[in-house]
Amino acid sequence: MTENNSDKILEVKHLNQFFNVGKADEVRAVNDVSFDIYRGETFGLVGESGSGKTTTGRAIIHLYEPTSGEIIYNGQNIDALKSRSQQQHFRRQMQMIFQDPYASLNPRMKVQDIVAEGIDINHLAQDKDDRNQQVAQLLETVGLNKDHASRYPHEFSGGQRQRIGIARALAVNPDFIICDEPISALDVSIQAQVVNLLKKLQKEKGLTYLFIAHDLSMVKYISDRIGVMHYGKMLEIASADEIYSHPLHDYTRSLLSAVPIPDPRLERAREEIAYDPAAESDGQKRELVEITPNHFVRAAPAEVAMYRERAAAK
Ligand SMILES: Nc1ncnc2c1ncn2[C@@H]1O[C@H](COP(=O)(O)OP(=O)(O)OP(=O)(O)O)[C@@H](O)[C@H]1O
Ligand SMILES: [Mg+2]
């Protein structure tokens, strides 16, 4: 991938998102996180529950006011968007699909009104017919049909509800979609269908995804690059292949070692690696360091040589 700034659709720089600042229960949900997302790619964001993935997504789409740091979208700092029309334009380009397809759809709204929410807010339909037609088209795009438009969310299965959420996101023709664990609440048999739909839409519409997930096995299939988060910090960023074939950070290695291998011979030889988060509390200053080209690991200066050796030992 070329490292040209214009290829970057999103730049997150030193993002901090703290809650209850100054109180006893202060949470540093996102702590000095930086990463870039390239146009047309899928960036997988992985980490266990509470690591700060959703908060990162919500800060990017400006559902939160970041404590500090910069979010740059298409070369523009989104905090600097002053006029309402600029902000509205930005909101249209970036959409979010939510973790829980049961909670994210208003049960009292018909599917057509849920899907058309963005169309209505942004006045994207000429008249009622046009609106109906757009909704029918969107439902078809996500594998539902126009007869579903007049029904309510409770009449649909989890996978279908997630398709409604996808149609709602697509309604405003976004360039960038944050998919926050869009399949983790679904049956395993349905997960692949929704992932395949997202992949198909990406190809057809040139979409860029930030794809949030718990475990590495899920994001491997869909991601071009992967970032691994832990306790609000970004620990490692590399291409999906590189993360799987040459994980460098002990936490990433522990995540991978916990994934069972389908081959019984290999499975017997599998060694689980334990990661001790206390490794971070030794007072050394750590930041993401490029160990091999495009492979970044959060490291203290004294650890860089060790990671280079680890990478060379491939
Ligand atoms: N509005 C809030 N107020 C206070 N604390 C919050 C708020 N939102 C999130 N947190 C805390 O921030 C941390 C990160 O939460 P977040 O939801 O981003 O994690 P996550 O990685 O998305 O987890 P999961 O995989 O369970 O969805 C957690 O400790 C959470 O309790
Ligand atoms: Mg979450």
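Note that ligands are numbered from 1 as they come in the structure, with each ligand's atoms numbered from 1 the same way.
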Under a 3.5 Å threshold, yes or no: a donor from one side chain and an acceptor from the other, between H214 and E181? yes
Under 3.5 Å, is there a donor-acceptor pair linking the side chains of E26 and N20? no
Count the heavy atoms belonging to other residues, nucleotides or ligands that lie under 6.0 Å from NZ of K13, then report whether that count exceeds 12. no
Report whether any nitrogen, oxygen or sulfur of T55 sits less than 2.8 Å from the Mg ion (ligand 2) (N, O or S, backbone or side chain). no
Classify the side-chain pair Q284/D282 by whether it contains a donor and acceptor separated by less than 3.5 Å. yes
Can you see whether H246 engages D241 through a side-chain donor-acceptor pair at a distance of less than 3.5 angstrom? no
Would R28 pass as a cation-pi partner of F18, given that its NZ or CZ must be under 6.0 Å from the six-membered ring centre and within 45 degrees of the axis? yes
May I have a table of the N/O to N/O pairs between ligand 1 and the protein that fall below 3.5 Å, each row giving the two atom names and the distance to 0.1 Å?
from     : atom 1 : to   : atom 2 : distance (Å)
ligand 1 : 18 (O) : T55  : N      : 2.9
ligand 1 : 18 (O) : T55  : OG1    : 2.5
ligand 1 : 19 (O) : G52  : N      : 3.3
ligand 1 : 21 (O) : S51  : N      : 3.2
ligand 1 : 21 (O) : S51  : OG     : 3.4
ligand 1 : 21 (O) : G52  : N      : 3.0
ligand 1 : 21 (O) : K53  : N      : 2.9
ligand 1 : 21 (O) : K53  : NZ     : 2.8
ligand 1 : 22 (O) : T54  : N      : 2.9
ligand 1 : 22 (O) : T54  : OG1    : 2.8
ligand 1 : 23 (O) : G50  : N      : 2.8
ligand 1 : 25 (O) : K53  : NZ     : 2.8
ligand 1 : 25 (O) : E181 : OE2    : 3.2
ligand 1 : 26 (O) : S49  : OG     : 2.5
ligand 1 : 27 (O) : Q99  : NE2    : 3.0

